[in-house]
Amino acid sequence: MGPSSENQIIADRKVLTADYLPNKMVHRDSERKQIASNLEPILEGKSPIDMLVYGDPGTGKTAMSRYVIEELRKHEPQLKYAYINCFKHSTKFDIFYTLLNNLGHKMVHRQGTPTDEIVQKLEEIASKNKIVLVIDEVDQLTEDEVLYELSRFTRAGLIMIANQQTVFHDVDTRVRSRLSGRDEIRFKKYTENELNDILLDRREYGLRKNAISKQQIRKIAVKSNGDARRAINTLRIAAQKAEQKKQKEISQKQIKTAKPEAIKKQKQKTVEKLNNHQKILLEIIQNDNRISSTTLYEEYRAQTEKSKSKRTLRRYLNKMENYNLIKSYGKGKGTAYEKL
DNA sequence: AGTCCACTGGAACTTGAGGAAT
DNA sequence: ATTCCTCAAGTTCCAGTGGACT
């Protein structure tokens, strides 16, 4: 949807989404160069350096990875890349299958195809072509095997993205040694000034003139806690509110109410990824301020028809803790869960 | 300072679905 | 058709852990 003359506030909505890739990244210059120089050997047919890109949410890890790859593609259109989010795809088969598909090789069949065959196919492509693999939310991986296989593709660029630097601490030594030559790039939280610049950039391309003042932009930057995703979402939600009311400018109140909505929306997105059993668990936990493992299981069983086993619940709960929906306290006898 | 046992998480196994081969 | 594979998701089993309670 392009700009419409009827819109008073929003000129281009997609510019106001966190996933939008601007044609020039403001800030993070040293990180950009570092990623680029690690990948550059690919252009000469040499082996690139594997990378762990880590930092808090909304610090530009994924965006910068994509940006650098797009820049390189301008010089080398042959360069292809595949992106996978381990939050959505966590098993070995699923990951390699999706990576292959993203590289445009859709000949493999969904079922009845051995995983090894898919891995081999990807390895073949990786050795013959110039490719970069972006593995996002690598901390959500359940099988070390995936990292082991990926690290074998020495000709392919490998960018692994995580929140914590310690993501590889408990993978087995075999995998760790394979990844030992990796470069680690930290993305710090944005400063207020940096966020301000980012928002000004989005304003220029996404909003109409005078839709929002510099002071208001600054206010959003200050309140976003170094998180660009949150800042951009806040700007968009405020803009949409003003647009709906057919105003010419965004009001103070709309900015104020946009932030909690932006946070809430983000959480909702996570909850939507849960299955019914997981949602019931979450609901039970949210209705108590602290619930013991045993009580939680009993209540869950009371509420469900075909209840899952305790072991499965434990898996669910771990997953939800990783998603930052709940928090567990203690081990052994007194384990309890709380909402976040 | 020791026993008890609720709770954890790894590993092996089962189930069910679905494509391929016969 | 049916047999033979594969996979994801779940279950069963159990050694290990560490809090609670003596």
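Numbers restart at 1 for each chain; the letters A, B, ... are given by sequence-line order, proteins then strands.
A:Tyr190 carries A:Arg28 over the face of its six-membered ring, with the cationic atom under 6.0 Å from the centre and within 45° of the normal. Taking the ring axis of A:Tyr337 as reference, the NZ or CZ atom of A:Lys339 does not stay both within 45° of it and closer than 6.0 Å to the ring centre.
Not one side-chain nitrogen or oxygen of A:Thr312 sits closer than 4.0 Å to the OP1 or OP2 atom of C:dG10. Taking 4.0 angstrom as the limit, A:Thr335 places none of its side-chain polar atoms (N or O) nearer than this to OP1 or OP2 of B:dA6.
Taking atom NZ of A:Lys310 as the reference point, atom P of C:dA9 lies 24 Å away to the nearest angstrom. Across the protein-nucleic acid pair, A:Lys306 atom NZ and C:dT11 atom C1' stand 15 Å apart, rounded to whole Å. With rounding to whole Å, A:Leu313 atom CG is found 10 Å from C:dG10 atom P. Residue A:Lys319 contributes atom NZ, which lies 12 Å from atom P of C:dA8 at whole-angstrom precision. Between the C1' atom of B:dC7 and the OH atom of A:Tyr329 lies a distance of 18 Å, rounded to the nearest Å. Atom CZ of A:Arg311 is separated from atom C1' of C:dG10 by 10 Å (rounded to the nearest Å). In this structure, A:Asp94 places its CG atom 18 Å from P of C:dT6, rounding to the nearest Å. Rounded to a whole Å, the CD1 atom of A:Ile118 is 14 Å from the P atom of B:dG19.
A:Ile159 and A:Leu141 are not part of a single hydrophobic cluster, where members link through side-chain heavy atoms under 4.5 Å apart. Hydrophobic clustering (ILVMFWY, side-chain heavy atoms < 4.5 Å, transitive): A:Val134 and A:Leu100 are in distinct clusters.
Contact annotation for A:Tyr316: backbone-only contact, meaning every heavy-atom pair under 4.0 Å involves sugar-phosphate atoms and none involves a base. Backbone-only engagement by A:Thr91 is indicated by non-hydrogen atom pairs under 4.0 Å involving sugar-phosphate atoms exclusively. Using a 4.0 Å heavy-atom cutoff across all strands shown, A:Tyr337 reaches sugar-phosphate atoms only and no base atom.
Proximity note for A:Thr115 (side chain, C-beta onward) versus C:dT6, B:dG9, C:dG10: the nearest is C:dT6. Taking every side-chain heavy atom of A:Arg314 into account, B:dG9 is the closest of C:dT6, C:dG10, B:dG9.
Under 3.5 Å, the side chain of A:Arg315 and the base of B:dT8 form no donor-acceptor pair of N or O atoms.
Within 6.0 Å of atom CG in A:Asn210, 12 or fewer heavy atoms from other residues, nucleotides or ligands are found, so the atom counts as exposed in its surroundings.
The pair A:Glu40-A:Lys46 does not meet the salt-bridge criterion, since no charged nitrogen lies less than 4.0 angstrom from a carboxylate oxygen.
The hydrophobic cluster around A:Val222 extends to none of the other residues, as no ILVMFWY side-chain heavy atom falls under 4.5 Å of it.
Taking a 4.0 Å limit (strictly below) on heavy-atom distances, residues 291-298 of chain A reaches DNA chain B at A:Ser293, A:Thr294.
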